[in-house]
Structures are given as C-alpha cells and as structure tokens.
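Accompanying notes for the structure given below.
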Amino acid sequence: MTIPFPTTTQAAEILEKVRQARPRVHCLMNTVVQKFTADGITVVGGIPSMTTSLEEIESFVAKADALTINLGTLDAERRKVILLAVEIANASGKPWIVDPVHCDYSPSRLAFARELITLSPAIVRGNRAEMSLIGEVPDAIRIETGPVDHLSDATRRVRIVNGHPWMAKVTGTGCLSGGVIAAFMAVEQDALAAAASALAVTGVSAELAASCAKGPGTFEPAFLDALSAITGEDIINHARIENEQG
Amino acid sequence: MTIPFPTTTQAAEILEKVRQARPRVHCLMNTVVQKFTADGITVVGGIPSMTTSLEEIESFVAKADALTINLGTLDAERRKVILLAVEIANASGKPWIVDPVHCDYSPSRLAFARELITLSPAIVRGNRAEMSLIGEVPDAIRIETGPVDHLSDATRRVRIVNGHPWMAKVTGTGCLSGGVIAAFMAVEQDALAAAASALAVTGVSAELAASCAKGPGTFEPAFLDALSAITGEDIINHARIENEQG
Amino acid sequence: MTIPFPTTTQAAEILEKVRQARPRVHCLMNTVVQKFTADGITVVGGIPSMTTSLEEIESFVAKADALTINLGTLDAERRKVILLAVEIANASGKPWIVDPVHCDYSPSRLAFARELITLSPAIVRGNRAEMSLIGEVPDAIRIETGPVDHLSDATRRVRIVNGHPWMAKVTGTGCLSGGVIAAFMAVEQDALAAAASALAVTGVSAELAASCAKGPGTFEPAFLDALSAITGEDIINHARIENEQG
C-alpha cells in the first residue's frame, strides 16, 4: 500500500481540524522568539505553552498533544530539560519535531542535535546550512526550508513553493513554523502530510500578508493576521504542494 | 464606614495620576512576554524594570513603587527571587499582585502560588481555570479575568464588561494587564479601585484598538497605541464598571 | 594627522557596506528585547546571533564580526559569559560595544560595567543617568543617548540631532541601536564614524517611521520597515551629524 501524497485539499482539512480540536503544543523554544511562536500557534488554532524548567516539564508535556524542540539559545539546563521532555513524549506516544537552529555555529550543538535524532523525532527541520550537516535522518521526516521547502520520508519527496522573502527578515518565522507543524501533527497521523500542510498554510499566509505590509516590520503583524484569517479556499487556490519524485 | 464603589470617573483620575507620577513597576515576568509587558507599562505612563537575578533584585525592588509577580516559565531560581522580592516589598510596604499563570498545568506551581498567597499580596489575578484552583483569597483582592472580569474584596463585588476577543489571541495581554494594575496600585491605595480602573482602561483600549486592526496580529500594536492615547473622556464614555452585589 | 569628522555621506556609505558585507553580530542581550534587537540587525543588513550559554559562546563569538554587550537582566551566569566573550573578542581583534543598562539601579551592575570598561571596549553607550555614573571612558568612544545623542573620542565631539519621542516609548530601541552600531563597526574601523552613522540611520528611520504610525505601538513595526528601506538619499537629506567642538 502506498501512502497518499499530500494535497492542498488535505492541507485545508488539517487546518480545519486544528481549529476544531485546539491541540496543545509545548514548546522548548529559544528565548528570542517565544512570544512570536506562541502567537503563531494561537492564531492558527492551537494552545501553546513554553516553560523550560526541569521541575515542571513533566506536567506540561503531560498536558500537551505535540512538542516542538528548538535548539536556539541552548545551554546545559535546556539540554537536560529537552532530554526529559523527549523521554516523556516518547513514553506517551506524542509526536515531536526538532529544529537544530544554528547547529552550523557550534560543534557541541550539532552533537546534541545528532543525539536527539536517534531518539525518534517525527520530524527534523532546518535550513540548508543546518541540514547539510545533519545529513540523512532515515527514521524521521526530513525538512529543509528555504525559498522552496523540501520534505521527504522513506518513500515520498514533496516541495512547497510558497512564502515571501520578508519571512527571512523576521527573526523566528522558521521557529514559529515548527510550532505550527507540531499543532498539525497533533491532529494528523501522517507527519509528512501534517508538515506539508503546515508549511503551505504559513507560506500562503506570508504571501497574503505581504500584500498588506510595507516592509518586514509591518509584515510580522500582517502575517499573524493572515494565519488567523486564512481560509480553506485560500489554501486550495494558492498552495503549491508539489511532487518532487521523478 | 463603607469604602466607595469604583467609578469610571475615578478610573479616568487614576490613569491621569499614573501619567503624572510615572510610577516604577518591577516585573518578575515570564520570559515570553517581558517586552510586551514593558511596552504596556511604558505607554500607560509607568516605568518598567524586569531583572530576575538574585544578586540584583533587592536594588530593583528598592527603586520600584509596585511589583507584578507572574508565575509563567517558573523555575527554581525564579522561586527564590520571587520570595526575596516579596519579602523586600512587604518590608517597605510596596503593593504587589500575583498572577498564577498556568497553575492548572502544574501541581508544584499551584503549591507555590498558594504559598505566595499567604504572604499578603494586594491582588491575586488569574483566569477561570486558574482561580477555581486557587479558591478564595480572604486577605487580598481576587480577580478572575475573562470576557467579563470579576473583582472582589471583603465587601465589594465588581465586574468589568470591556475588552475584545482578540485579547485572547495575543499572548500576554493578561500578563500585561498585571503590570498595568501594579502601576495603578502605585498611585491609588484602594487596590480594588486601582485594579478595576486598570482593567477598564485596558478593556476600553482593546475596544478602540480593534476598530483600527485587521486581526490579532495588527491588534497588538494598535492596542499599545490605544493604551497610550486613551483619554479620560474615552474611559467615562466606554468603561463599564458594574456593581455585582445585590 | 587629524582623523576626519564623520559626515552624512559617510553614513550613507557605511550603511551600504553593511548591506553588502552582511556582518555577523553576536548579542549578549537582555532577555526582554532579544527579538527586537535581532530584527533590527537583520533589517539593516546584518546577521544576528543571541546565545548566552557558557558552553557555546566561544563558537558563536568565533563566527561573529562584532559584539554588542548589554547589561540588562544581568545575573551571575551572564557575567561569566560576558567576560569570556570579551576575552575571545579581544584575542581576535573583534570590536565590541557595552551598554550599561540600568547601572543606575544596581551598585553591583555599575561595578561590573566599570570592570568591563577596563577591558578595552570600542564604545560605551548609555543614557544620561547611566553615563553620569560611568564618567569618562578615556580609551573608548563615549556615547550618551537621549533626544540628542552625544559622541566623543579623544579628539572629536559629535552630536546627532535625529530621532523621535516614540523611541523612548518602545522598550529596547536603545538596545537595538547597540546592535546596529556593532554591525556598523564590523565594516568601518573608525568606531566614532561607525557609531555616528548608525545613530543617524536609526534616528532618521525613526523620523520616517513616525510619519507612518499612529502611536508608539504601530511605530515599532514602522521603524523596522524604515530601517529596511532607508536610502542613502534619505540619510544625506535628513541626518544631522554635527560638530560639537567649539
């Protein structure tokens, strides 16, 4: 049996499921973009939480439906919390995505990212520089984001051709999209379909937002507006989820 | 002697006092919304500070006129700092509000919130889920925020019927209102009147902002604009501070 | 030989160099305004990084072209990281600026700021209250920011008469300008010219932004738009870089 290829109609359906189900996403998020990520998860329909304390992580992961683990502003304490959160998520079958932010800056961060990848994330997502160091991730969905996003699992290769250059001028749009992907995974078992849908929704929202903005500064609030207002029709009309298999 | 019931005229007067006196508010604020809270306190007329280090908290509390203590992103270090800050504030008679954010997610956080409530806060503020766990707070003003805010002390029960649904879509509007309440307490001894006024000012500002915004993203900067520009006349015309006794 | 006095034409040229060279700026930034500072550095043309962990600071400083060291939300861990970052930056000849935020609130922070000043920063920047405690800094550029910014080195005294009152209503515009100054120092060896140019660019951007905003809330995204869009012509037409020497 072949797993179906993700479609724009499916993206619209998964967004609607998120809005109905209001999944809880716990974020082990770098300190820079916690609010922006929380706002993104909220306006798309989820419920974010953000604590990174060892004492409380078990309670927060227990409440969550999915996790996003972001390696920005990593330190010794965060490493411990992340490993504990992953252990609890795995024990209860909750999906998680890891975003190895800036692993190209720091050998110790790269080593930690590689350790996490052996612990069964559903998805590993990074930019080109990061993912070229990470290499293959045979047991997870692999996502390389950029002007075009490339997603793959063992049998499928997908690209998302949406978005806007101002996304790269706003710190944290990639981190935010990790939170949105987690929200989509919470309501859709096919993690590739969840991720392709989440990236199509954020990419189309960025396109809609850019037409209301005057620059990267006003693009940011307009992007949150668009994530909140985007319709199934917008997705079906504008999303470009393409088969990269030859 | 009965304590007077807060009025919209009083709310306008207390806002004017804040703008004249420029009270300093020290915030032990979760890491997610430090900037948003600082911006809110600033535009309403106060002067925020945010440090959470044990080494410096004494100096910062000494400079402050009131404190807001928010239990989001709590950890072992923050617990120590909060207890020290409360001790210093109490010793010098400075009013403080505690916001037991997400105490419904974590038993240890709930226990800490209950410990703080024995230490004479002027106000305890949370949403319905949080306050139902907190229960009665006999020696403090109790505030349950939501589409309608409910405030009570030993003899008075007030509701504020202002605000906009987008407030719930912007991470930190509740945390910000805790900072604004602290600024109002710094210039008004009747903490119930201070809190009712602060919530009326934020609620009316939200209503004014919503008419200038296209969604929750653009609502956030518009809300700060409105908090900065709101007039006594706006408050008197739009604030709904209502007696719930009866 | 006298060092030339900075001019508006030079400011336009240095901005253009930043946009071409895309310097990396590592920020040891208070937790309140990390995202705002990162966004400011990005839209002006640089590449920010923000980690504050002892384990990783060496790798991040090695990647950076300049540093901004901000003493907001200082704690014991940050002191260690800052001292290590400064040591690495000095060993590799990378320029750094120190911003002694709120050193007027805390004697221990003032003592730490003074210690840093003995370690050869290129620039020390603060507001009037902070700089009056810091006093003279004979071996560094001294900047006192306010409605008018005053810059001086051993032989030159410059003032920048640009900006807008809403800058003081948005938490972190000063911290952000420290990041922009670092980006400018990365491409211009004359640190006084770099700083004067950076402050002229941020000040003129603020003026342009204010005409597009309705208050301090909408001013913030408009300011980032303006920093992104400002042209050499805007700088030459509007920047006021003035000789204060008598």
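Quick caveat, the model's predicted, so the values are computed rather than measured. Residue numbers begin at 1 in each chain, while the letters A, B, ... track the order of the sequences.
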Let me confirm one number: the OH-CZ distance from C:Tyr105 to B:Arg24, rounded to the nearest 0.5 Å. 3.5 Å
Structural part of B:Ala38 lying under 4.5 Å from a heavy atom of chain C: both
Distance-only criterion, 3.5 Å: show the donor-acceptor pairs between side-chain atoms of residues 168-178 of chain C and protein atoms not counting sequence neighbours.
from: C:Thr171; atom 1: OG1; to: B:Asp39; atom 2: OD1; distance (Å): 2.8
from: C:Thr173; atom 1: OG1; to: C:Met167; atom 2: O; distance (Å): 2.8
from: C:Ser177; atom 1: OG; to: C:Gly174; atom 2: O; distance (Å): 2.9

Compare all side-chain heavy atoms of B:Gln34 with those of C:Thr31 and state whether any distance is below 4.5 angstrom. yes
Over 12 non-hydrogen atoms of neighbours within 6.0 angstrom of CZ in C:Arg128: no
Does C:Ala195 have any side chain to side chain contact (heavy atoms under 4.5 Å, CB included) partners at least two apart in sequence or in another chain, and if so, which? C:Ile123, C:Ile143, C:Leu151, C:Ile181
Top contributor to chain C contacts, counting heavy-atom pairs under 4.5 Å, from B:Ile41, B:Leu227, B:Asp225: B:Asp225
Proximal to chain B - members of residues 52-83 of chain C, heavy-atom separation under 4.5 Å: C:Thr73, C:Leu74, C:Asp75, C:Ala76, C:Arg79
Could you name the residues of residues 210-222 of chain B that have a heavy atom within less than 4.5 Å of a heavy atom in chain C? B:Pro221, B:Ala222
For C:His102 and B:Ser49 the tightest heavy-atom approach is CE1-CB, 4.0 Å
